[in-house]
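Below is one structure, written out as C-alpha cells; comments come after it.
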Amino acid sequence: DLALCEQWRNQWPVLFVSFRRVDGLDFQSAYGMLEETISDLCEEHRYLLDSSQISDLEKSVMERLIWKKATDQELKGGLLRLTRMMQAHYGKPIILLIDEYDVPLAKASANGYYKEMLDVMKGIMQAMKDNSALQLAVITGCLRIAKESIFTGTNNFVSDTISSSHLNESFGFTQADIDQILKDADCLEHAADIKNWYDGYYFGDLDVYCPWDVMNYLRDLQRNPKAKPASYWKNTSDNSIIRSFIDYRGAKISQKLETLLSGGYILQKVEEDLTYDYLHSSEENLWSILYLTGYLTRVREEDLPAPLPEDASALIIPNAEVREIFETTIQKWFDESAQTWNLTALFDAMWSGNAETLTAEINKLNNSLLQQPDCTWAYLGDGRDGHKADRYLFWTSLNTDKVTAGKEIPVIIQTGNGEYYVSETTTGKRNGKDYVTVSKSLITQNQYKEILKKGKEFSSLEAAYDAYLKALGDPKYDSVRQSQS
C-alpha cells in the first residue's frame, strides 16, 4: 500500500528499545543490565545533547544516564524524559516502540526478585501515561499488557494476542509466503521438512510458520544444500517454563505431557490475563503461559472429533522443533536427577521387610517416577533369598483404576539386578480387592520372562522412559490414554 507508506514514512521520530537483555540471578545484576539498556538507548540519541531546544537540566540527567550514574528515580523516568527531549528537538510527537517489555519481570519471577523489578518497571512504563510527547506506542511481549500491573493508570490500549484474528498474518509467515520464499530461494524440495519443523502455529484463524526458524534454515541451506532442520528457536530461550512444569508438584502434569509428546492434544482453559507473580499459582496458569509463549498452539475446532466444552481450548505441540525442545528439557531433568532413580536399595528393603530402611529410602526419593501423580506400580516376583534377579518393579504412568481390568498397557520394568525393559502387560484384579493392578496375576518365572521377551531392554531408565513415552503414543493405546481425562 504505497499511499499508506507515504503517509507514515519519515513522518515521525521513532524511539525503539528492547528489554530482552535485562536478566540476572539477583536484582542487583538485573538492575545493572537495565542501566546498561537505558545507557545504550541514550547514547544512541546523543545528538540531543547538542540541541538548542533542550534545557541544560535535561541534558545533565541524560549524561548521567549515559554514564550509569543516575539515581533510581532518574532511571525510572529515563524513557519518559527521552521521549520529551525528542519531541522538543524535532518539534513533533514521536512513535515509541518497546520490544519484549515483560522479559525483566519474567526473569525476576523465575529468580525471586519480582517485587523489586516490578517497582522499577512501573516507573519506566510511566512513559506511556498521559504523555503528550507520544504520537503512538507499540509494545510487544508474551503476556497481555492491558492487565499487567506495571501499566497501572495507562489507558487506551488496543491488545492483539495470538488468539485474535486481527493482524494474525503479521505473527509469522503464511503458507503463501513460504511458497514464494522457497521458490525464490530455489528450495522447493525442502517444503515438507520446513512444514514439519516450523509450521503448526494457529493464530486467530490462520496457520503460520515461525519466521526466525525458516530464515535461519534457508541460510544454512545456502551454505550447505544437505543441511538438516535444527532447533534455532531453542538457542534464543532458556526454556525454563518447561522445566517449571516438570518440577511442579501436586498436579497431573506428567500425564498431560505424555499425551502431548505422543502427538495428542489436551483440553485446557487458557487464561490470557496473567501476571508473572501468579504464574505458578495453579496448573491452569502454567498451561496458559506455555500457550502464550509459543510452546503450545490451538487445534482447529473443525479438526476435533467433538465440540469443545465451554471455555476450553485443545492444545497441542505445534511442530517437530518444539517437540525436540520438550524432549531435550525432560532429558536434562532426567540426567540431573538420575541418582534418585536407582531403586536397588528400595528394592532390597521391600523384599527383606526392613521397614526402617524402606522408610529411609522412600524419603530419599526426589522427582522419582514412583512420585508421579496417578502412576501405578507394583513389586512382583520371587522374594526368597538368592532370587534377586527374579524380582521386578512394574511401573506405568497410567491410573489403572481408570483404565479398568483386562486392558493392555505399556509398562517400564526394572529387574532386581538393575536391568530396564519397556514391554506390555494386561491389567487385572485380585480376588477380594477393589483396585486394578498393573498386571494380571503372574505365577511362574516363565510368565515374567515372556513379558520381558515381548519387550525391549534398555541400558538406563532414561532411555527406557523415552521409549515408554513413544510406546504410549501408539494408536492402540488411545482408549487407555483417554481414560485418564
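Reckoned from all heavy atoms, side chains included, excluding hydrogens, waters and symmetry mates. Just so it is clear, the structure is predicted and the values come from calculations on it, not from any experiment.
For E189, the CD atom sits in a packed shell: over 12 heavy atoms of surrounding residues, nucleotides or ligands are nearer than 6.0 Å. Atom CG of L308 sits in a crowded spot, with more than 12 heavy atoms from other residues, nucleotides or ligands closer than 6.0 Å. Summarising the local packing, NZ of K449 is surrounded by more than 12 heavy atoms from other residues, nucleotides or ligands at distances under 6.0 Å. Atom CD of Q445 has more than 12 heavy atoms from other residues, nucleotides or ligands within 6.0 Å. The number of heavy-atom neighbours closer than 6.0 Å to NZ of K228, taken from other residues, nucleotides and ligands shown, is 12 or below. In the displayed structure, E302 atom CD is contacted under 6.0 Å by more than 12 heavy atoms of other residues, nucleotides or ligands.
Taking 4.5 Å as the limit, some side-chain heavy atom of V270 sits within range of a side-chain heavy atom of L315. Residues I266 and W287 have side chains in contact (heavy-atom distance under 4.5 Å, counting atoms from C-beta outward). Counting only heavy atoms from C-beta outward, the side chains of V103 and E100 approach each other to under 4.5 Å.
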Would you please test K269 and E310 for salt bridge (charged side-chain N to carboxylate O under 4.0 Å, His left out) and show each step?
CA-CA 9 Å; K269 179 181 179 180; E310 187 176 357; over 6 Å; no
Verdict with supporting geometry, D119 and K115, salt bridge (charged side-chain N to carboxylate O under 4.0 Å, His left out)
CA-CA 6 Å; D119 177 64; K115 290 183 178 179; over 6 Å; no
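For the salt bridge (Lys or Arg N to Asp or Glu O under 4.0 Å) condition, no pair includes a residue of residues 406-417, sequence neighbours left out.
The aromatic ring centroids of W395 and Y468 lie less than 6.0 Å from each other. Under the 6.0 Å cut-off for aromatic ring centres, Y392 and Y448 qualify, their centroids lying closer than that.
Counting only N and O atoms by type, the side chains of D177 and T174 include a donor and acceptor under 3.5 Å apart. A donor atom on one side chain and an acceptor atom on the other are found under 3.5 Å apart for D179 and Q175. Side-chain N/O atoms of K256 and Q268 include a donor and acceptor closer than 3.5 Å. Using a 3.5 Å distance cut-off with no hydrogens or angles, the side chains of E450 and N446 do not pair a donor with an acceptor. Defined by atom type and a distance below 3.5 Å, a donor-acceptor pair is present between the side-chain atoms of E324 and S231. When only modelled atom types and interatomic distance are considered, R298 and Y291 share a side-chain donor-acceptor pair under 3.5 Å.
R481 places a side-chain N or O within donor-acceptor distance of the main-chain N or O of L472, the cut-off being under 3.5 Å. Without hydrogens or angle criteria, S29 side chain to G24 main chain gives no donor-acceptor distance under 3.5 Å.
Partners of D199 according to the salt bridge (Lys or Arg N to Asp or Glu O under 4.0 Å) rule, which considers only residues two or more places apart in sequence or in another chain, are K195.
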For residues 218-226, tabulate all N or O donor-acceptor pairs below 3.5 Å that involve a side-chain atom, not counting sequence neighbours.
{"residue": "R219", "atom": "NH1", "partner": "N216", "partner atom": "OD1", "Å": "2.9"}
{"residue": "R219", "atom": "NH2", "partner": "N216", "partner atom": "OD1", "Å": "3.3"}
{"residue": "D220", "atom": "OD2", "partner": "Y232", "partner atom": "OH", "Å": "2.6"}
{"residue": "N224", "atom": "OD1", "partner": "K226", "partner atom": "N", "Å": "3.1"}

